[in-house]
Amino acid sequence: MFGRSSGITPKYDDPSNHDGKYPPDWDARRKAVYERDNYTCQDCGLRSGPHAGDGGAILHAHHLISLRDGGWHYLGNLVTVCQYCHDGIHGHPTGSQYDTGEHNALRVLRVVGRAIVRGIKWAIR
């Protein structure tokens, strides 16, 4: 699954080996993560890809340990999440769909609601 046949170049695991936020092989990496996770959000279970047809969730590859905190781009540090969960994890809109009209009041409410639920879950631990 990895190496030349998948389009993933191991040297780009390390963010210092490329310019910009994402490595040149990012598209291959995120697709490998989606496939590994069966095109399913690992937070809420929404499905996409071959499981959901055209009505599937917008998926993102999320860094478990952020680059800011020393995380790398290796596949073990990436997980599949849907657009809404990714927004909730970060507490703000994420991804390429931001600023294209999809960001609306309902989406904001869902993000805020997920953040509140996460806060409640954390508080009752």
Side-chain angles (χ1 to χ4, degrees):
M1 179 169 142
F2 308 116
R4 285 186 195 196
S5 63
S6 68
I8 295 173
T9 306
K11 78 174 188 175
Y12 294 134
D13 286 354
D14 181 349
S16 67
N17 287 335
H18 61 85
D19 293 330
K21 184 175 181 181
Y22 297 105
D25 62 355
W26 180 251
D27 197 47
R29 288 173 185 273
R30 69 177 182 80
K31 288 177 181 177
V33 170
Y34 298 164
E35 187 174 329
R36 180 199 66 204
D37 293 341
N38 204 24
Y39 300 92
T40 303
C41 175
Q42 300 301 292
D43 194 34
C44 73
L46 279 177
R47 301 185 98 187
S48 193
H51 306 296
D54 293 337
I58 296 171
L59 298 178
H60 290 204
H62 170 67
H63 290 86
L64 294 170
I65 300 172
S66 73
L67 299 177
R68 180 180 56 226
D69 293 333
W72 284 24
H73 298 298
Y74 67 92
L75 299 185
N77 189 42
L78 298 172
V79 65
T80 301
V81 292
C82 71
Q83 173 82 48
Y84 300 112
C85 290
H86 204 202
D87 291 354
I89 290 166
H90 288 285
H92 59 80
T94 60
S96 62
Q97 296 299 316
Y98 183 56
D99 284 341
T100 61
E102 182 173 324
H103 184 66
N104 56 37
L106 183 58
R107 185 165 173 220
V108 170
L109 289 174
R110 184 162 183 182
V111 170
V112 170
R114 290 193 65 78
I116 291 169
V117 168
R118 284 180 187 274
I120 292 170
K121 286 180 180 178
W122 178 83
I124 61 175
R125 286 187 199 176

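In this chain, residues are counted from 1 in sequence order. Keep in mind that this is a model prediction, so the values were computed, not measured.
Considering CD1 of I58 and OH of Y84, their distance stands at 6.5 Å, rounded to 0.5 Å. Here L64 contributes atom CG and Y74 contributes atom OH; the two are 8.0 Å apart, rounded to the nearest 0.5 Å. We find the SG-CG distance between C41 and D43 to be 5.0 Å, quoted to the nearest 0.5 Å. Taken from OG1 in T80 to CZ in R47, the straight-line distance is 12.0 Å, to the nearest 0.5 Å. Separating the CG atom in N77 from the NE2 atom in H62 is a distance of 8.5 Å, to the nearest 0.5 Å. Atoms NE2 and CG, from H73 and L78 in turn, are 8.5 Å apart once rounded to the nearest 0.5 Å.
Residues T9 and N17 are not in side-chain contact: their nearest non-hydrogen atoms beyond the backbone lie 4.5 Å or more apart. Under the 4.5 Å side-chain criterion, counting only non-hydrogen atoms from C-beta, R29 is in contact with D13.
Side-chain contact, T40 with N38: no donor N or O sits under 3.5 Å from an acceptor N or O.
Closest non-hydrogen pair, H63 versus Y22, comes out as CE1-CE2, 4.3 Å. Taking every heavy atom of both residues into account, H18 and P23 meet most closely at CE1-N, 3.5 Å. Of all non-hydrogen atoms in G70 and I65, the two that sit nearest each other are C-CG2, 4.3 Å.
I8 and W26 fall within a single hydrophobic cluster, where Ile, Leu, Val, Met, Phe, Trp and Tyr side chains are chained together by heavy-atom contacts under 4.5 Å.
The environment of CG in D19 is sparse: at most 12 heavy-atom neighbours from other residues, nucleotides or ligands sit within 6.0 Å.
No salt bridge links D25 with K11; every basic N to acidic carboxylate O contact stays at or beyond 4.0 Å.
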